[in-house]
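Structure, as structure tokens:
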Protein chains: 2
Amino acid sequence: MSEPSPRIDAPFPGVPLVAPLYKEAKRQMTQALTRGEWRPGDAIPAERRLAERYGISIGTVRKAIDELVAENMLIRQQGRGTFVPRHNRDRLLFYFFHIVAEDGAKVYPVVRLHAFAAGKADKLAADRLAIALGAPVFKIRNVLSLSDRPVIVDDIVIAGARFPRLTQRMFGERPSTIYHLYQTGFGVSVVRTTERLRATVADAEIAALLQVESDTPLLQIRRVALTYNDVPVEFRVSRVNTQRYEYWSELGGS
Amino acid sequence: MSEPSPRIDAPFPGVPLVAPLYKEAKRQMTQALTRGEWRPGDAIPAERRLAERYGISIGTVRKAIDELVAENMLIRQQGRGTFVPRHNRDRLLFYFFHIVAEDGAKVYPVVRLHAFAAGKADKLAADRLAIALGAPVFKIRNVLSLSDRPVIVDDIVIAGARFPRLTQRMFGERPSTIYHLYQTGFGVSVVRTTERLRATVADAEIAALLQVESDTPLLQIRRVALTYNDVPVEFRVSRVNTQRYEYWSELGGS
DNA sequence: AAGTGGTCTAGACCACCAT
DNA sequence: TGGTGGTCTAGACCACTTA
């Protein structure tokens, strides 16, 4: 590599653990993404060029890219190139939207901005976003409709420091998804989420928004969205009316 | 390969689409697993030997194994070999048990068999198990406790044809998990699951088992467990008291 | 036709594990 | 010490896309 091979802390002295070249290449490529050298929608340099740049063989470059592709940080397209993914509706639906109809069909949600406010981080949000308690945040409430029926209420919290000068107006101009807005407006690319689910009941406010009776059981989803290097950028509480729709999960395997 | 390279149906005549050698190797290795040539706990032949057997280079064998490992059908151990996974408690907890405490900690569930009966497949189970309506099935109800409190009620349906001569006694002898019983008793290895979640409320019967009041909101999980080649082998409805525990999901990324 | 990623080879050498 | 998987090379050739 162009830089000297880094040594991982050896569990015992005298054990010269050297990071594999492909791991180091992967680290450098992740950095190129993080610092914006390669931007969403761009093709990254061809594999042969990366092999030259890093002074390694093409097979080793491919192994690094393989892992980045598996982690959804790059997209390969044969004959065209390798690209930095851009957040659009299809990507959202495929990777980040887990609600499906009873027959398994995925439907594009129609999003309506219901509330937007600046505020301070409470304990839970500060914890999940790894920011200080009371730090400035934006709070957004969206109501999502599926097939013209309100089904989901999203309460989103994001750090003010990461989204400077965010205004309510930007949501109206938004062409597709909020993750697209994060990416194009603030250079924040969501690459992964973790979610925790539990059953709750609708309070009066949520019930009204979802047009159900109070005490209707709802699925509550608490999501943390992460960007490169597992840095949290969004905390979201969703409440889903699972009368006609369900949460889909495919785990413990491929 | 030892067999002629298979041709995938060409979308248009004159387009000679040949399956890559590593895909064909992967198919043959999956077959070796399916028909029991390689059995749980066994090491499969060394990569160099597989390369000879299939008449391909070692790098191509490795690519096939890479994919099987990514799909949890094999486990690599450097210096020792590549193994067919055996279902034990740790594997269950890591891959197939998605309930965690509020602090994220995983706890081994203590399983108590509550009911066992032979019966006929209803519409839903027949559909999910891809068997005929009314086909013979076994129905099992388990109550799972976490830290000495009942938290989950599992209603399991499996096809009688696939688990011949299953008896209630076998559950008492069971050393670890029901997937271990499937594997050691009937040669059925669960490799993957798909789950659909929704919010429900406890009926009187479930409420009693979970020691909660009726109408307590519960998380309902409908799981289909699959073996090799995505063949369904178990349909399970879980009802989870999410007062102290949550469902954990990590999707849309690595 | 030129450029891209995808497949495949035939090695070499290393790290790790069991004996 | 011998066998295993893990890394890495320097190519060749193929499939696909774009111009």
Side-chain angles (χ1 to χ4, degrees), chain A residues 1-2 5-12 14-29 38 41-70 73-85, chain B residues 1-2 5-12 14-29 38 41-70 73-85:
Chain A
M1 312 284 310
S2 47
S5 289
R7 284 163 187 280
I8 296 177
D9 286 341
F12 299 102
V15 181
L17 276 178
V18 176
L21 297 183
Y22 79 91
K23 287 284 187 193
E24 173 58 16
K26 183 184 173 189
R27 197 186 61 76
Q28 293 204 26
M29 294 172 73
W38 301 337
D42 285 357
I44 71 171
E47 295 174 352
R48 287 164 177 82
R49 284 185 47 77
L50 289 172
E52 289 172 23
R53 185 206 278 203
Y54 298 137
I56 58 181
S57 81
I58 200 172
T60 304
V61 169
R62 282 188 63 81
K63 184 149 184 174
I65 295 177
D66 281 345
E67 291 200 354
L68 292 170
V69 168
M73 289 166 61
L74 290 175
I75 295 173
R76 281 213 181 91
Q77 290 183 241
Q78 182 173 157
R80 301 222 312 133
T82 300
F83 296 83
V84 182
Chain B
M1 312 283 310
S2 48
S5 290
R7 284 162 187 281
I8 295 176
D9 287 340
F12 299 101
V15 180
L17 277 180
V18 176
L21 296 183
Y22 78 90
K23 287 285 186 193
E24 173 58 17
K26 182 184 173 190
R27 197 186 61 77
Q28 293 204 26
M29 294 172 74
W38 301 337
D42 286 356
I44 70 170
E47 295 174 352
R48 288 165 177 80
R49 285 185 47 77
L50 289 172
E52 289 171 25
R53 185 208 278 204
Y54 297 138
I56 59 182
S57 81
I58 199 172
T60 304
V61 169
R62 281 188 63 79
K63 184 149 185 176
I65 295 177
D66 281 346
E67 292 201 354
L68 292 170
V69 168
M73 290 166 62
L74 290 175
I75 295 173
R76 280 212 182 91
Q77 289 183 241
Q78 182 173 164
R80 301 220 313 130
T82 300
F83 296 83
V84 183

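A, B, ... follow the sequence lines: proteins, then strands. Residue 1 opens every chain.
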**Prompt:** What is the per-nucleotide protein-contact pattern of nucleotides 4-12 of chain C, from the 5' end, where B denotes a base atom under 4.0 Å from a protein heavy atom, S denotes such proximity for sugar-phosphate atoms only, and - denotes neither?
**Reply:** BBBBSB---
**Separation of atom CG in Leu74(B) from atom P in dT4(D), rounded to whole Å** = 16 Å
**Prompt:** How many angstroms lie between atom OH of Tyr54(A) and atom CE of Met29(A), to the nearest 0.5 angstrom?
**Reply:** 5.5 Å
**Prompt:** How long is the span from the CD1 atom in Ile75(A) to the CE atom in Met73(A), to the nearest 0.5 Å?
**Reply:** 12.0 Å
Sequence neighbours excluded and cut-off under 3.5 Å, please list the side-chain donor-acceptor pairs for residues 59-69 of chain A, or say none.
| residue | atom | partner | partner atom | Å |
| --- | --- | --- | --- | --- |
| Thr60(A) | OG1 | Ser57(A) | OG | 3.4 |
| Arg62(A) | NH1 | Glu47(A) | OE1 | 3.2 |
| Arg62(A) | NH1 | Glu47(A) | OE2 | 3.0 |
| Asp66(A) | OD1 | Arg76(A) | NH1 | 2.9 |
| Asp66(A) | OD1 | Arg76(A) | NH2 | 2.9 |
| Glu67(A) | OE1 | Lys23(A) | NZ | 3.2 |
| Glu67(A) | OE1 | Lys26(A) | NZ | 2.9 |

**Message:** Check Glu52(A) with Arg49(A), please: is the shortest side-chain N to carboxylate O separation under 4.0 Å?
**Reply:** no
**Nearest atoms (heavy-atom pairs only) where Pro45(A) meets Leu50(A)** = O-CD1, 3.5 Å
